[in-house]
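Only this structure's heavy atoms are used, side chains among them; waters, hydrogens and symmetry mates stay out. Labels below follow one simple rule: chain letters A, B, ... track the order of the sequence lines, proteins then strands, and each chain is numbered from 1.
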There are 2 protein chains.
Amino acid sequence: MRELLYLKDENIKDFIEQIFYVYRETYSDPKKVLKKYSFGSAHHRVIILVERNNGITISGLLNKLKITKQSLNRILKDLIKNNSIIIKKGEIDSRQRHIFLNEKGKKIFNEIFTEQKKKIYNALKNSDSDSVLKFKKVLNKIINE
Amino acid sequence: MRELLYLKDENIKDFIEQIFYVYRETYSDPKKVLKKYSFGSAHHRVIILVERNNGITISGLLNKLKITKQSLNRILKDLIKNNSIIIKKGEIDSRQRHIFLNEKGKKIFNEIFTEQKKKIYNALKNSDSDSVLKFKKVLNKIINE
DNA sequence: ATTTTTGGGTCAGTTATATTGACATATCTA
DNA sequence: TAGATATGTCAATATAACTGACCCAAAAAT
């Protein structure tokens with residue numbers, strides 16, 4: 001039987017450490033932009049998720065963020081006050097709230113994204129398409145385990 | 001000129017979102033174990049880094065964690081009180097402090113690691129070695145950008 | 001038609017983790 | 001010896017999360 005080196009503990013430990021660094025590095029660059037609007041990482045994550053899932057509901061966001069609704073509410077209030085998002089009642093189910101980025105929110109997202117994409121863009125640019133594809137597949141496997 | 005689809009904004013956005021999920025999923029499972037010792041994520045990260053870098057100095061840890069020494073100090077005090085780590089003066093440079101996991105710390109690390117490795121292990125098990133290798137390379141490229 | 005469940009909102013208090021800024025001490029280096 | 005470095009510590013503050021207890025309105029189930 002072949003030895004699967006990449007399943008050895010030391011390799012898994014490498015990944016645990018690297019995933020920490022990758023997350024931190026990926027999410028640290030836009031901090032100056034966020035500070036300009038008095039936003040923190042929590043706002044950052046909400047803006048990203050709303051941009052990617054326009055019209056997402058409160059419970060949709062809660063499922064993706066895995067925080068409490070009290071925590072989310074604080075963030076949403078800030079974003080509404082800042083005029084970055086608008087919230088609409090559901091047409092089918094009027095208990096639901098659908099969240100959208102408005103013009104200001106889209107502008108802020110773009111500023112954030114411009115900073116945040118750099119490291120990933122450069123890393124991918126220096127990789128071949130097969131590597132990028134396989135990178136994505138393993139990422140997804142970890143998420144869906 | 002070929003179009004590099006994987007450099008398109010929408011693909012980068014995928015990665016930004018996935019990296020968040022992967023980090024969270026990778027670091028969420030050991031929370032019950034940590035709670036048993038009244039430890040949080042900050043302690044978790046320190047234990048991991050000390051296990052991987054036995055004898056690391058304070059400034060070594062600060063460079064990896066990128067937090068302030070005041071923040072680190074709170075964590076280290078907890079870990080010392082709990083008898084998970086010991087701190088020794090440097091023999092060459094006695095200003096330095098070298099941090100080691102002791103028996104209790106190793107035991108706690110193993111409990112944490114047992115929980116934390118599961119998702120990664122299963123994800124890698126369902127991947128071929130080429131994918132795992134390429135996954136690691138792209139991770140490193142993002143970190144070192 | 002009434003009851004139960006669901007989606008969301010909110011008040012209050014607490015905890016965890018990080019920050020800034022200032023200052024102290026010992027030790028190493030030039 | 002002067003300055004730089006490694007670490008420790010006090011105090012105040014910010015951020016982001018938590019638990020727990022309620023509330024209302026609308027949908028779904030009975």
Side-chain angles (χ1 to χ4, degrees), chain A residues 20 23-24 27-28 30-50 55-82 85-100, chain B residues 20 23-24 27-28 30-50 55-82 85-100:
Chain A
F20 164 59
Y23 172 73
R24 194 193 47 202
Y27 278 79
S28 62
K31 279 184 182 160
K32 289 153 216 153
V33 174
L34 290 161
K35 202 144 198 176
K36 211 170 71 180
Y37 300 99
S38 300
F39 289 161
S41 310
H43 305 84
H44 182 179
R45 289 190 291 272
V46 169
I47 289 171
I48 285 173
L49 289 176
V50 174
I56 191 172
T57 61
I58 300 289
S59 65
L61 263 185
L62 290 177
N63 284 331
K64 286 179 185 291
L65 290 165
K66 298 202 176 152
I67 57 175
T68 57
K69 61 178 173 174
Q70 295 91 321
S71 294
L72 177 56
N73 225 265
R74 178 181 60 87
I75 306 302
L76 292 179
K77 278 179 180 170
D78 290 343
L79 294 172
I80 292 166
K81 195 175 288 173
N82 168 281
I85 59 171
I86 42 166
I87 294 190
K88 291 180 187 167
K89 270 197 179 183
E91 289 182 4
I92 299 159
D93 184 338
S94 70
R95 290 173 306 176
Q96 293 187 326
R97 302 287 178 266
H98 295 278
I99 309 166
F100 303 85
Chain B
F20 164 60
Y23 172 73
R24 194 193 49 204
Y27 278 79
S28 62
K31 279 185 181 160
K32 289 154 215 152
V33 173
L34 290 161
K35 201 145 198 174
K36 212 170 71 180
Y37 301 99
S38 301
F39 288 161
S41 312
H43 306 84
H44 182 179
R45 289 190 291 271
V46 169
I47 290 171
I48 285 173
L49 289 176
V50 175
I56 191 172
T57 62
I58 300 289
S59 64
L61 264 185
L62 289 177
N63 284 331
K64 286 179 184 292
L65 290 166
K66 296 200 178 155
I67 57 175
T68 58
K69 60 180 173 174
Q70 295 91 320
S71 293
L72 178 58
N73 224 265
R74 177 181 62 88
I75 306 302
L76 292 180
K77 278 179 179 169
D78 290 343
L79 293 172
I80 291 166
K81 195 174 289 172
N82 168 280
I85 59 170
I86 43 167
I87 294 191
K88 290 180 186 167
K89 269 197 180 183
E91 290 182 4
I92 298 160
D93 184 338
S94 71
R95 292 172 304 178
Q96 294 186 324
R97 302 288 178 266
H98 296 278
I99 309 166
F100 302 86

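- At a threshold of 4.5 Å between non-hydrogen side-chain atoms, the residues Val50(B) and Leu79(B) do not count as touching.
- Computed from coordinates, the Asp78(A) CG to dT15(D) P distance equals 10 Å when rounded to whole Å.
- Among the protein residues, Ser94(A) comes within range of the sugar-phosphate backbone only, with heavy atoms under 4.0 Å from sugar or phosphate atoms but none that close to a base.
- Under the side chain to side chain contact (heavy atoms under 4.5 Å, CB included) criterion, Lys66(B) pairs with Arg24(A), Glu25(A), not counting sequence neighbours.
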Less than 3.5 Å apart, which donor and acceptor atoms pair up between the side chains of residues 34-41 of chain A and the rest of the protein, not counting sequence neighbours?
| from | atom 1 | to | atom 2 | distance (Å) |
| --- | --- | --- | --- | --- |
| Lys36(A) | NZ | Glu111(A) | OE1 | 2.6 |
| Tyr37(A) | OH | Lys107(A) | NZ | 3.0 |
| Tyr37(A) | OH | Glu111(A) | OE2 | 2.4 |

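- Arg95(B) pairs by the side chain to side chain contact (heavy atoms under 4.5 Å, CB included) definition with Asp93(B), not counting sequence neighbours.
- Within 4.0 Å of Ile92(B), counting heavy atoms only, lie sugar-phosphate atoms of the nucleic acid but no base atom.
- With rounding to the nearest 0.5 Å, the separation of NZ in Lys88(A) from CZ in Phe100(A) is 5.0 Å.
- Taking every heavy atom of residues 38-47 of chain B and every atom of DNA chain D, no pair lies under 4.0 Å.
- At a threshold of 4.5 Å between non-hydrogen side-chain atoms, the residues Arg97(B) and Lys89(B) count as touching.
- If Lys89(B) and Ile75(B) are placed on DNA chain C by their nearest nucleotide, the residue sitting closer to the 5' end is Ile75(B).
- By the side chain to side chain donor-acceptor pair (under 3.5 Å) test, His43(B) pairs with Asp78(B), sequence neighbours left out.
- Of the two residues near DNA chain D, Arg74(A) and Lys35(B), the one whose nearest nucleotide lies more 5' is Arg74(A).
- Of all heavy-atom pairs spanning Gly90(A) and His98(A), the tightest one is CA-CD2, 3.4 Å.
- Following rounding to the nearest Å, Lys31(A) (NZ) and dT15(D) (C1') show an atom-to-atom distance of 11 Å.
- With rounding to whole Å, Ile67(A) atom CD1 is found 16 Å from dT15(D) atom P.
- One atom, CD1 of Ile80(B), and another, C1' of dT9(D), lie 14 Å apart when rounded to the nearest Å.
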*What is the per-nucleotide protein-contact pattern of nucleotides 3-8 of chain D, from the 5' end, where B denotes a base atom under 4.0 Å from a protein heavy atom, S denotes such proximity for sugar-phosphate atoms only, and - denotes neither?*
--BSBB

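- Evaluation of the side chain to side chain donor-acceptor pair (under 3.5 Å) rule for Arg45(A) yields Tyr23(A) as partners, not counting sequence neighbours.
- When heavy atoms are screened at a 4.0 angstrom cut-off, Lys77(A) is found touching the sugar-phosphate backbone but no base atom.
- Residues passing the side chain to side chain contact (heavy atoms under 4.5 Å, CB included) test with Thr68(B), sequence neighbours excluded: Gln70(B), Ser71(B).
- The structure places CG of Leu72(A) at 6.5 Å from CG of Leu65(A), a figure rounded to the nearest 0.5 Å.
- Each end of the helix from dA1(C)-dT30(D) to dA30(C)-dT1(D) gets its own rotation axis from five pairs of C1' atoms, and the angle between them is 40° to the nearest 10 degrees.
- Listed by chain and residue number, Leu62(A) satisfy the side chain to side chain contact (heavy atoms under 4.5 Å, CB included) test with Lys69(A) (two or more places apart in sequence, or in another chain).
- Residues satisfying the ring pair (Phe, Tyr, Trp, His ring centres under 6.0 Å) test with His44(B), not counting sequence neighbours, are Tyr27(B).
- By the 4.5 Å heavy-atom criterion applied to side chains, Ile67(B) and Ile75(B) are not counted as neighbours.
- Chain B approaches DNA chain C within less than 4.0 angstrom (heavy atoms of the protein), and the contacting nucleotides run 5' to 3' from dT17(C) to dC28(C).
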